[in-house]
Asks: 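Dumping the structure here so I can ask a few things about it.
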Number of protein chains: 2
Amino acid sequence: MKPRLLIADDHTLFNEGVKQLISDHYNIVGQVFDGKDVLIMAMVTRPDVILLDINLPSINGFDLAIELRKSFETIKIIFVSMYTEPRFIEQSKQLKVDGYLLKNSTKEELILGIDNVLNGGNYYDPKLNQLRPNLHHDDFFVKQFSLTPREVEIIRMIKNGMNTGEIAEKLFLGLETVKTHRKNIYYKLSITKSTELIKFALENNI
Amino acid sequence: MKPRLLIADDHTLFNEGVKQLISDHYNIVGQVFDGKDVLIMAMVTRPDVILLDINLPSINGFDLAIELRKSFETIKIIFVSMYTEPRFIEQSKQLKVDGYLLKNSTKEELILGIDNVLNGGNYYDPKLNQLRPNLHHDDFFVKQFSLTPREVEIIRMIKNGMNTGEIAEKLFLGLETVKTHRKNIYYKLSITKSTELIKFALENNI
DNA sequence: CAGGCAATCCCCCTTTCGGGGTATTTTATC
DNA sequence: GATAAAATACCCCGAAAGGGGGATTGCCTG
């Protein structure tokens with residue numbers, strides 16, 4: 001009897017593609033494309049394991065993991081994401097998510113991960129441990145504007161509503177240092193105001 | 001004879017999944033996972049069409065499109081991306097890229113797009129044109145926070161990067177009037193900074 | 001007509017931003 | 001060990017934003 005598997009990813013092609021790829025190994029009991037459908041679908045199909053995208057519409061993967069854990073003791077949860085941010089990994093481990101796979105994995109790695117988790121183990125993609133913090137290999141925007149990791153970090157904090165002083169305090173930096181970073185960011189992005197920065201950050205998912 | 005197709009996407013699972021999905025319809029002559037391999041692979045396999053991710057390692061999709069156009073007159077290029085940024089669409093059209101598909105398309109849309117392009121046409125995902133117009137949302141937003149028409153007008157202008165002085169000038173108002181409106185807006189939304197206002201506005205489609 | 005609301009305008013004051021510099025130390029890379 | 005890139009820090013200055021108060025006009029509605 002093949003293990004029962006539910007796929008939750010809003011990228012239809014990816015979702016469908018993964019299904020095709022591994023339907024020899026697993027019984028794909030459901031596919032959902034929106035966060036709000038995951039819980040109901042889990043209820044209906046009772047999968048052994050859920051492949052869960054983190055960046056889902058309506059409800060994100062983290063919130064879903066919390067809810068799934070509440071309602072379904074035995075369902076294994078595996079995140080499948082393109083994000084390698086350490087804070088994502090951290091949060092996943094805190095939520096006792098069973099696995100974390102990257103979207104640039106191979107079919108073999110995917111199956112290896114799922115099988116490991118089904119056998120009661122954990123599987124966090126080995127590539128996650130060899131990453132330099134805050135360096136986003138596959139972030140087109142960061143490359144396009146040659147932003148440094150520190151600059152991206154500060155952009156995120158500005159996006160989250162922090163001002164220069166708060167950022168300096170949080171990062172244990174001098175006020176002037178953060179000001180310098182801001183100036184460099186503005187220069188690189190050819191902008192002049194924090195409001196433009198917010199727009200840039202939100203529109204580019206930084 | 002099935003059309004020859006090359007897939008370029010660094011997300012192995014996606015790349016592989018798409019291959020599985022459409023290998024009935026097309027002859028998948030190659031798969032690459034890094035920007036630097038695209039040109040050589042195009043040379044070797046001579047595909048009719050390339051499905052090209054924009055956010056590739058080493059060389060991004062735009063630069064590749066330029067190079068491909070130079071070296072291979074007849075190869076059709078279709079971007080397959082998760083990004084809906086208008087400036088991406090613009091740039092794609094300027095580069096005379098034949099198609100632009102979204103990663104949350106269905107298998108059917110994918111095939112429709114590829115076939116259109118193979119028949120000499122263009123195919124830009126219809127969803128790209130209907131991004132935005134959602135009057136329900138901002139209605140809700142306006143009601144929820146009981147914003148006046150004038151306030152909404154000013155929020156839009158702030159979102160578009162204008163400062164208090166520019167807004168005053170444009171609306172033939174005194175500086176202090178606009179400042180007062182800003183204060184009232186901040187009070188109603190329980191925020192303190194323009195950056196938070198931008199987030200509110202963008203996230204609620206104001 | 002009274003009360004509420006929207007829209008307009010003003011003063012005072014402090015903090016934060018944005019733009020112009022310059023300079024030192026770490027880190028990575030060749 | 002030289003070089004380049006990144007990260008750190010400081011100075012000066014004016015402009016803009018933010019926060020507190022108050023006030024007037026007009027308009028609609030009960």
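Computed from a predicted model, the values in this text were never measured in an experiment. Every chain is numbered from 1, with letters handed out A, B, ... down the list of sequences.
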Asks: Figure out the CG/C1' separation between Asn184(A) and dC10(D), and round it to whole Å.
Replies: 14 Å

Asks: Could you tell me whether Thr177(B) contacts a base, only the sugar-phosphate backbone, or nothing, with contacts defined as non-hydrogen atoms closer than 4.0 Å?
Replies: base

Asks: Could you tell me how the ring of Phe62(A) sits relative to the ring of Phe79(A): parallel (under 30°), tilted (30 to 60°) or perpendicular (over 60°)?
Replies: perpendicular

Asks: To the nearest angstrom, how far is Leu175(B) atom CG from dC9(C) atom C1'?
Replies: 11 Å

Asks: Measure CD1/Ile154(B) against P/dA7(C) and give the value in whole Å, please.
Replies: 9 Å

Asks: To the nearest 0.5 Å, how far apart are CD1 in Ile158(A) and OG1 in Thr195(A)?
Replies: 11.5 Å

Asks: Cut-off 3.5 Å, side chains only: do Ser71(A) and Glu67(A) have a donor facing an acceptor?
Replies: no

Asks: Starting at atom CG of Asn163(A), determine the distance to atom C1' of dG18(D), rounded to an integer number of angstrom.
Replies: 11 Å

Asks: For the side chain of Thr180(A) and the base of dC10(D), is some donor closer than 3.5 Å to an acceptor across the two?
Replies: yes

Asks: Let's see if you get this right: which residues in residues 185-197 of chain A place a heavy atom under 4.0 Å from DNA chain C?
Replies: Tyr186(A), Thr192(A), Lys193(A), Ser194(A)

Asks: Kindly indicate whether the side chain of Asn55(B), heavy atoms from C-beta on, has any atom under 4.5 Å from the side chain of Ser81(B).
Replies: no

Asks: Looking only at side-chain N and O atoms, does His181(B) come under 4.0 Å of OP1 or OP2 in dA7(C)?
Replies: no

Asks: Let me know the distance between NZ of Lys179(B) and P of dG19(D), rounded to the nearest Å.
Replies: 11 Å

Asks: Would you kindly give the CG-to-C1' distance between Leu147(B) and dC5(C), to the nearest whole Å?
Replies: 14 Å

Asks: Is there, by distance only and without an angle test, a donor paired with an acceptor across the side chain of Lys183(B) and the base of dG18(D) below 3.5 Å?
Replies: no

Asks: For the pair made of CG in Leu173(B) and P in dT25(D), what is the distance, rounded to whole Å?
Replies: 18 Å

Asks: Could you grab the distance from atom CG of Leu51(A) to atom CG of Asp9(A), nearest 0.5 Å is fine?
Replies: 9.0 Å

Asks: Check the distance between dA6(C)'s P and Leu171(B)'s CG and give it to me in whole angstrom.
Replies: 18 Å

Asks: Out of curiosity, Ile7(A) CD1 to Phe33(A) CZ, how far, rounded to the nearest 0.5 Å?
Replies: 8.5 Å

Asks: Nearest 0.5 angstrom please: Asn15(B) CG to Lys103(A) NZ, how far?
Replies: 14.0 Å

Asks: Counting side-chain heavy atoms from C-beta on, which of dC17(C), dA17(D), dC10(D) comes nearest to Arg182(B)?
Replies: dA17(D)

